[in-house]
Amino acid sequence: MELFAVPRLPEVRPGDDLAGQIEERVDLRDDDVVCVASTVVSKAEGRLADLADFPAGPRAEEIADRLESISGDEKDPRFAQAVLEESTEIIMEAPFLLTESKFGHVGVNAGIDRSNVGDGGKDLLLLPERPNESATRIRDNLRADAAVVVTDTCGRPFRHGQRGVAIGWDGIPASRDWRGETDRDGHELEVTVESVVDELAAAANLVTGEGDDGLPVAVVRDWEFGDHDGSENLYRDVESDFVRQALRGWEFARD
Ligand code: GDP
Ligand code: MN
Ligand code: MN
């Protein structure tokens, strides 16, 4: 397989046609997977906001005060308010805000970015409202019959370092379901469901970078999903998410 970044994309602005901008610069093929950083999807969708749009309520004030006393850094309660408004569940309030977004993604600060926000004078870039629909919209506007994955860079529990994950996708299943297939010893696989959209997003992140590279889109070419069952499930149900359940009962305490 081949993986390359789409060169020379402009600063993306609200209303831009991302599919058109991409196809002006690369001849996409059917079966390519186009991985698009959520940053530019959000910009194209006008998901820019100002801190002033989020006057802080009492809960946001309380959260910001607590985070400020833990970190020693100044925290703007309006940012906490923005995170609350983008979320359906607050899983951890301290020492950072871990929440579930309205579309099911669990992440720090509801994925709201304060970097690469653009030069339009706005403070915040919110994640796309419904990234699966964003992926479908981009895909529908491509001439090629390619798949689209919307990515974001996220941290992870248990390990240092961030990597790309998929928050929206269309044109390929989220996962390859290996259950029922056999390993080299003839044993039947019982649990392996491989989240290929996350793997593609992580690979895309290798070439898009995190800073000022200006490379928000990566194309994966000649990669095959293969002859496997597909699965659309990426986000765990709360009932089977034991880590989340454990965190709900956990309180941060400084020694
Ligand atoms: P995120 O992972 O979706 O939060 O996005 P990042 O902020 O990490 O940016 C990913 C890549 O896209 C980096 O190479 C940025 O320089 C680039 N990027 C961000 N916004 C734009 C834009 O409007 N135009 C272009 N050409 N590149 C951008
Ligand atoms: Mn981001
Ligand atoms: Mn990134």
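All of these numbers come straight from a predicted model, not from anything done at the bench. All values below were derived from every heavy atom in this structure, side-chain atoms included, with hydrogens, water molecules and symmetry-related copies excluded.
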The test is side-chain contact (heavy atoms from CB on, under 4.5 Å); show your working for M1 and V220 and say whether it passes. CA-CA 7 Å; M1 62 185 261; V220 178; 3.7 Å; yes
Is there a side-chain contact (heavy atoms from CB on, under 4.5 Å) between E93 and F252 once you walk through the steps? CA-CA 8 Å; E93 281 189 10; F252 175 74; over 6 Å; no
Ignoring hydrogens, what is the shortest heavy-atom contact between [X] and [Y]? Give both atom names and the distance.
| X | Y | answer |
| --- | --- | --- |
| A166 | L234 | O-CD2, 3.7 Å |
| P10 | Q21 | CG-NE2, 3.8 Å |
| A94 | L67 | CA-CD2, 4.0 Å |
| G104 | Y235 | O-CD2, 3.2 Å |
| Q245 | E239 | NE2-O, 3.0 Å |
| P128 | F103 | O-CE2, 3.6 Å |

Quick test of your reading of the model: are [X] and [Y] salt-bridged, counting only N-O distances below 4.0 Å?
| X | Y | result |
| --- | --- | --- |
| D119 | R13 | yes |
| E89 | R248 | yes |
| E194 | R176 | yes |
| E62 | K75 | no |

With no hydrogens and no angle check, is any side-chain donor or acceptor of [X] less than 3.5 Å from a backbone partner on [Y]?
| X | Y | result |
| --- | --- | --- |
| D76 | R78 | yes |
| E23 | R143 | yes |
| T151 | C35 | no |
| D32 | R221 | no |
| N205 | T153 | no |
| K102 | E85 | yes |
| D17 | G20 | yes |
| R47 | L127 | yes |
| D50 | K122 | no |
| D16 | L18 | no |

Kindly indicate whether the side chain of [X], heavy atoms from C-beta on, has any atom under 4.5 Å from the side chain of [Y].
| X | Y | result |
| --- | --- | --- |
| F4 | V207 | no |
| R156 | R163 | yes |
| L9 | L215 | no |
| V193 | R179 | yes |
| L97 | V108 | no |
| D145 | R139 | yes |
| T39 | D113 | yes |
| L124 | V117 | no |

Under 6.0 Å from the ring centre and within 45 degrees of the ring axis: does the NZ or CZ of R114 meet both conditions for the six-membered ring of F79?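 Flagged: R114 positioned over aromatic ring of F79.
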Linking I/L/V/M/F/W/Y whenever any side-chain heavy atoms sit under 4.5 Å apart, do [X] and [Y] land together?
| X | Y | value |
| --- | --- | --- |
| V41 | I112 | no |
| I138 | V12 | yes |
| L84 | M92 | no |

Checking side-chain contact (heavy atoms from CB on, under 4.5 Å) for the pair E86/L126: CA distance, chi angles, key distance, verdict? CA-CA 8 Å; E86 284 296 297; L126 313 178; 3.7 Å; yes
Indicate whether any N or O donor in one side chain lies under 3.5 Å from an N or O acceptor in the other, for [X] and [Y].
| X | Y | answer |
| --- | --- | --- |
| S134 | E45 | yes |
| E100 | H105 | no |
| T99 | S87 | yes |

Does atom CG (D213) have a neighbourhood of more than 12 heavy atoms from anything else shown, all under 6.0 Å? yes
Could you walk me through whether E232 and W169 pass side-chain hydrogen bond (donor to acceptor under 3.5 Å, both in side chains), step by step? CA-CA 10 Å; E232 287 307 326; W169 59 93; 2.8 Å; yes
Trace of the side-chain contact (heavy atoms from CB on, under 4.5 Å) decision for K43 with E11: CA-CA 9 Å; K43 284 178 181 173; E11 176 66 30; 2.8 Å; yes
